[in-house]
Colleague: 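Sharing a structure, written as structure tokens. Questions coming.
Side-chain atoms are counted along with the backbone in the values below, which use heavy atoms only and exclude waters and symmetry mates. This structure is a prediction, so every number in the text was calculated from the model and none was measured. Each chain gets a letter, A, B and so on, in the order the sequences are listed, and its residues count up from 1.
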2 protein chains.
Amino acid sequence: MRIGELADRLGITTGAIRFYERRGLLVSPARSGNGYRDYGEDCVERLRLLVGLRHLDLPLGQAAQLSSLCAEGRCDEVSAELRAAIANKRRELARRMDELRYLDRRLAHLGGQLETGEAPRTLITTGKEEHG
Amino acid sequence: MRIGELADRLGITTGAIRFYERRGLLVSPARSGNGYRDYGEDCVERLRLLVGLRHLDLPLGQAAQLSSLCAEGRCDEVSAELRAAIANKRRELARRMDELRYLDRRLAHLGGQLETGEAPRTLITTGKEEHG
DNA sequence: CTTGACATTGGAGCCACTACAGGGTTTAGG
DNA sequence: CCTAAACCCTGTAGTGGCTCCAATGTCAAG
């Protein structure tokens, strides 16, 4: 498949894919006669892992290393540093859930109206502070 | 309180706070005689909302607008655009949960080692893929 | 009166893209 | 065959949101 299709299937841009490649994080794909990049099905799964790790905000380099090793079934070679990073990200995500609950309370009426698309009416009376 | 304490209580850096201020997203705080920024208790809650919205990856400008309006109890003035943005972010977060479950499967055995903090066996190769 | 932790400013640097310029290729329709 | 749109290529510049740094000031403790 060509780069556009790959990008679509992953929900990222062609620019991002080329950027990863320039950085040497992706194996350069074959080129068809016209010079277009030509990807196989396996690239989808491999990149999906990378994309997922990036959504956890793992730094690009680490995400790429990890997804590359995993794609080759060589997870035993993943460094302690990398494994620690993941463990951290998982805890961070848990913390974010809590934070989201806090936001839920503060944005409760906004949120409700968001679902229905109605105009807001209620006032919040917390932390009233006038500037000046 | 001074900027360092405020930053600590929010889990962000003093640099971030000054950056927000330079951008005009925060009301400039009073200064004590020595020129140090001097914040009141109310700033903590107000900024906590901003920080939370940023963790949802709401663009800084929107996060600031929203938290500022909410802090003043003027949620009725929140624009439709902004409300749509939040609704989107909430859905996005739900999608990320799904993605996390996918990652869970792919990283399952890594996860096991993460808990125990076991040592890796080999060095990582430079990501060159080879099937042979 | 020095040491160290904190504060100030302005500016440079960084990460991960994103947008754009200036081109080439493919494909659908006329 | 011609054209237009939709795709692709390379390279470079720009962006958002900080982060780090230098040079300097302030203040409490020893």
Colleague: Roughly, in whole Å, what's the span from CZ in A/Arg2 to P in C/dG24?
Modeller: 18 Å
Colleague: Return the nearest nucleotide to the side chain of A/Ile3; candidates are D/dC9, C/dT26, D/dG17.
Modeller: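 Given the options D/dC9, C/dT26, D/dG17, the side chain of A/Ile3 is closest to D/dC9.
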Colleague: Over all heavy atoms of both residues, which pair between B/Cys70 and B/Leu49 is shortest? Give the atoms and the distance, please.
Modeller: CB-CD2, 3.8 Å
Colleague: Tell me, which of residues 14-23 of chain A have any heavy atom that sits under 4.0 Å from an atom in DNA chain C?
Modeller: A/Phe19, A/Tyr20
Colleague: Compare the minimum distances between each of C/dT18, C/dC17, D/dG17 and the side chain of A/Leu60, then state the nucleotide with the smallest one.
Modeller: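 Side chain of A/Leu60 sits closest to C/dC17.
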Colleague: Between atom CD of B/Glu72 and atom CZ of B/Arg46, what is the distance when rounded to the nearest 0.5 Å?
Modeller: 5.5 Å
Colleague: B/Tyr36 OH to D/dG25 P: how many Å, rounded?
Modeller: 12 Å
Colleague: When you get a sec, tell me which of C/dT26, C/dA16, D/dC9 is the closest nucleotide to the side chain of A/Pro59?
Modeller: C/dA16
Colleague: Can a side chain N or O of B/Asn34 be found less than 4.0 Å away from OP1 or OP2 on D/dC27?
Modeller: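 Yes, B/Asn34 has a side-chain N/O under 4.0 Å of OP1/OP2 on D/dC27.
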Colleague: Assess whether a salt bridge exists between B/Arg48 and B/Glu45, defined as any Lys/Arg side-chain N lying under 4.0 Å from an Asp/Glu carboxylate O.
Modeller: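 Counted as a salt bridge, because a side-chain N and a carboxylate O are separated by less than 4.0 Å.
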Colleague: Quick one: B/Asp38 CG to C/dC6 P, roughly how many Å, whole number?
Modeller: 17 Å
Colleague: Can you tell me how far apart OH (B/Tyr39) and CG (B/Leu26) are? Round to the nearest 0.5 Å.
Modeller: 6.5 Å
Colleague: Considering all heavy atoms of both residues, which atom of B/Ala7 and which atom of B/Thr13 are nearest to each other, and what is their separation?
Modeller: CB-C, 3.8 Å
Colleague: Starting at CD of B/Gln62 and ending at C1' of D/dG16, how long is that distance when rounded to a whole Å?
Modeller: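 About 13 Å, once rounded to whole Å.
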Colleague: If you look at every heavy atom in A/Ala85 and A/Gln62, which pair is closest and at what distance?
Modeller: CB-OE1, 3.5 Å
Colleague: Find which nucleotide of DNA chain D each of B/Gly33 and B/Arg54 is nearest to by heavy atoms, and output the residue with the more 5' nucleotide.
Modeller: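 Going by which nucleotide is closer to the 5' end, it is B/Arg54.
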Colleague: Would you name the heavy atoms of B/Met1 and B/Asp38 that are closest together and state the gap between them?
Modeller: N-OD1, 3.4 Å
Colleague: Could you state the atom-to-atom distance from CD of A/Glu5 to P of C/dT27 in whole Å?
Modeller: 13 Å
Colleague: From CZ of B/Arg37 over to C1' of C/dC6, roughly how many Å is that when rounded to an integer?
Modeller: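 Value for this atom pair: 13 Å.
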Colleague: When you measure from the side chain of A/Arg31, which nucleotide among C/dT8, C/dC6, D/dT10 comes out closest?
Modeller: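 So the side chain of A/Arg31 is nearest to D/dT10.
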Colleague: B/Asp57 CG to D/dT15 C1': how many Å, rounded?
Modeller: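 Going from CG in B/Asp57 over to C1' in D/dT15 covers 15 Å.
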